[in-house]
Protein chains: 2
Amino acid sequence: MTEQPAPTTTAGEPATARGEQTRQLIRNTALRLFRERGYAQTTMRAIAQEAGVAVGNAYYYFGSKDHLIQEFYAQSQVEIRAAAQPVLDREEAFGARLAGVLHAGIDVLTPSHDFAATFFKTAAEPTSPLSPFSAESSAPRQAAIDLFAEVLTGSTAKVDAELRPQLPELLWLAYMGVVLYWVHDRSAGQVKTRQLIDGVVPLIDRLVALSRLRVLRPVTRQVFDLIRTLRH
Amino acid sequence: MTEQPAPTTTAGEPATARGEQTRQLIRNTALRLFRERGYAQTTMRAIAQEAGVAVGNAYYYFGSKDHLIQEFYAQSQVEIRAAAQPVLDREEAFGARLAGVLHAGIDVLTPSHDFAATFFKTAAEPTSPLSPFSAESSAPRQAAIDLFAEVLTGSTAKVDAELRPQLPELLWLAYMGVVLYWVHDRSAGQVKTRQLIDGVVPLIDRLVALSRLRVLRPVTRQVFDLIRTLRH
DNA sequence: GTCGGTAGTTGAACACGTTCAAGAAAGGCG
DNA sequence: CGCCTTTCTTGAACGTGTTCAACTACCGAC
């Protein structure tokens, strides 16, 4: 009675140079077409034809059409990291660093907004390997969390001792929230998302500072207990 | 270059008793099969066959397979409301009322966890009429928000004047968060979600109380400004 | 009662994602 | 060079959601 009986074929990593080349060819063709036509409008047949290979060949390297999205995901991760680097080198204030990373994320993603929205659909499915919470995407997820750890460690912010180890993951979660908003954001150039970032960063900044406040001790304690329980 | 060219056909509301009957028949058959086999494993052909109609007939009433999910959505809404009623009649404390409604939601949804997870995938797509944020689902959304308004108005809680009008919608948003967690929750019987609710309700309760606190004035002000900006 | 129009119904046909048995190319080994 | 194994490639075929032109049932008006 379970949904999605489990993936039938795991796409193999190429073992030869020829294979690697074909893999890249299909990958790049797919990403280009996704950007040009959107995800739904890009058929596997079109990808194969444009890449000059047979349909089945694409399935030798990528388990499904959805798996091609993972390539987009991975590439974006790298680009975001690169786009955020200058800010991380320059800024020392926690808020500025956080804002820098979040804006870098949107900078990179914006050109692909229409396509990325559809991609998010697939990512939202819990059983999908594309889910940001899934085991399969634990590598890119950890890379993202590490980025937020760097936001924190490179900053001058004084953070509550109990909060500090949890914070990178919480920031990543907030980032997921921003992306969720961005995906639904139909304002021109996704300006609203920019406003969300600029509004929410000082808020987080302030909350992090407040976390050391006496009155809030019980609340923060409560939050951490909950997180600990849920983490398992 | 936009994704999803816009729905081609809007499914017509039945105008005769015969039509209404067929519509219900298809609807009920579909919901039953979804529950029995899961969403992906239920084909439109199977629905039609079990209902004793032609495939095309289902499309006369429901624009797509996804639209059948909306029926599930609507029915759940009604059941949740009913399940929450006793608690709303009995309890006066804000926390107890909120917990009651949230638990009622999970109570109703739990039998369909596997299926509902898949359904959530479709709901996550921004362009989908099924998205909880979309115009098409504004009716059920408003009904849900009203439920949370009732949680508030029937309670003895003292709430900051500025927060009060915003709170129902914020609670609904929190509810969406709970559902998102629930969908990803693979613990037996979704126990973790229960823990989340029991952990997060006192937290919200406390935060609502704190909202009147002097020190937090700037923070709450900041939050409301942000919300106002984003609302448009 | 018959006629005309609206509401409802049909199932073959289409395009898509995906599979798979068959074969081609490449590489290693004597 | 010839042989075997692994890696890669092919495209026809399957099952799916969806469409649509043709058809039937119903109902009000005359």
Side-chain angles (χ1 to χ4, degrees), chain A residues 3-27 29-30 33-34 37-69 118-119 121-122 125 128-130, chain B residues 3-27 29-30 33-34 37-49 51-70 118-119 121-122 125 128-130:
Chain A
E3 208 71 22
Q4 309 283 70
T8 54
T9 349
T10 321
E13 285 296 303
T16 73
R18 174 173 66 131
E20 184 57 35
Q21 199 174 336
T22 309
R23 199 193 125 95
Q24 290 296 328
L25 175 61
I26 293 168
R27 188 195 101 116
T29 309
L33 291 183
F34 285 165
R37 315 181 180 176
Y39 182 69
Q41 282 72 34
T42 303
T43 69
M44 289 302 281
R45 285 170 178 80
I47 295 172
Q49 187 176 345
E50 287 268 319
V53 300
V55 190
N57 203 1
Y59 283 91
Y60 184 77
Y61 294 104
F62 303 96
S64 73
K65 191 184 174 188
D66 287 352
H67 278 76
L68 280 164
I69 294 177
T118 321
F119 130 96
K121 161 187 174 162
T122 315
E125 182 172 30
S128 164
L130 273 161
Chain B
E3 207 71 23
Q4 308 284 70
T8 53
T9 349
T10 321
E13 286 297 302
T16 73
R18 175 173 64 131
E20 183 57 35
Q21 198 174 338
T22 309
R23 199 193 124 95
Q24 290 296 327
L25 176 60
I26 294 168
R27 187 195 102 115
T29 309
L33 291 182
F34 285 165
R37 315 180 181 177
Y39 181 69
Q41 281 71 34
T42 302
T43 69
M44 290 301 283
R45 285 169 178 82
I47 295 171
Q49 187 175 345
V53 300
V55 190
N57 203 0
Y59 283 90
Y60 184 78
Y61 295 105
F62 304 96
S64 73
K65 190 183 173 188
D66 287 351
H67 278 76
L68 280 164
I69 294 178
Q70 228 157 6
T118 320
F119 129 96
K121 161 187 173 163
T122 316
E125 182 172 30
S128 164
L130 273 161

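Chain A is the first sequence line, chain B the second, and so forth, proteins listed ahead of strands; every chain is numbered from 1. Being a predicted model, the structure only gives us computed values, none of them experimental.
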Given atom [atom1] of [X] and atom [atom2] of [N], what is their separation to the nearest angstrom?
| X | N | atom1 | atom2 | result |
| --- | --- | --- | --- | --- |
| B:Arg18 | C:dT6 | CZ | C1' | 11 Å |
| A:Lys65 | C:dA15 | NZ | C1' | 12 Å |
| A:Ile47 | C:dT18 | CD1 | P | 10 Å |
| B:Met44 | C:dA12 | CE | C1' | 17 Å |
| A:Leu68 | C:dT18 | CG | C1' | 13 Å |
| A:Phe62 | D:dC8 | CZ | P | 13 Å |
| B:Gln24 | C:dG8 | CD | P | 13 Å |
| B:His67 | D:dG17 | NE2 | C1' | 14 Å |

Can you check side-chain contact (heavy atoms from CB on, under 4.5 Å) on A:Gln21 and A:Arg18, steps first, answer last?
CA-CA 5 Å; A:Gln21 199 174 336; A:Arg18 174 173 66 131; 5.7 Å; no
Phosphate oxygens OP1/OP2 of [N]: is one of them under 4.0 Å from a side-chain N or O of [X]?
| X | N | value |
| --- | --- | --- |
| A:Tyr60 | D:dT9 | no |
| A:Thr22 | D:dT9 | yes |
| A:Tyr59 | D:dT10 | no |
| A:Thr16 | D:dC8 | yes |

Toward the 5' end of DNA chain D, which comes first, A:Ala54 or B:Asn57, by nearest nucleotide?
A:Ala54
CD-CZ distance between B:Gln41 and B:Phe34, expressed to the nearest 0.5 angstrom:
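Between atom CD of B:Gln41 and atom CZ of B:Phe34 there are 11.0 Å.
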Would you mind telling me which residue lines up with the more 5' stretch of DNA chain C, A:Gly56 or A:Thr42, judged by nearest nucleotide?
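Its nucleotide being nearer the 5' end, the pick is A:Thr42.
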Contact class for A:Gly19 vs. all strands (heavy atom < 4.0 Å): base, sugar-phosphate, or nothing?
sugar-phosphate
By the 4.0 Å heavy-atom rule, please label A:Val55 as base, sugar-phosphate, or nothing.
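Base contact - A:Val55 has a heavy atom under 4.0 Å of at least one base atom.
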May I have the step-by-step check of side-chain contact (heavy atoms from CB on, under 4.5 Å) for B:Leu68 and B:Met44, ending in yes or no?
CA-CA 10 Å; B:Leu68 280 164; B:Met44 290 301 283; 4.2 Å; yes
Between the base of C:dG17 and the side chain of A:Arg45, is there a donor and acceptor pair under 3.5 angstrom?
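Answer is yes: a donor-acceptor pair is held.
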Side-chain (A:Thr29) to main-chain (A:Glu50) donor-acceptor, under 3.5 angstrom
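Between the backbone of A:Glu50 and the side chain of A:Thr29 there is no qualifying donor-acceptor contact (under 3.5 Å).
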Test side-chain contact (heavy atoms from CB on, under 4.5 Å) on A:Tyr39 and A:Lys65; report intermediate values, then the result.
CA-CA 9 Å; A:Tyr39 182 69; A:Lys65 191 184 174 188; 3.5 Å; yes
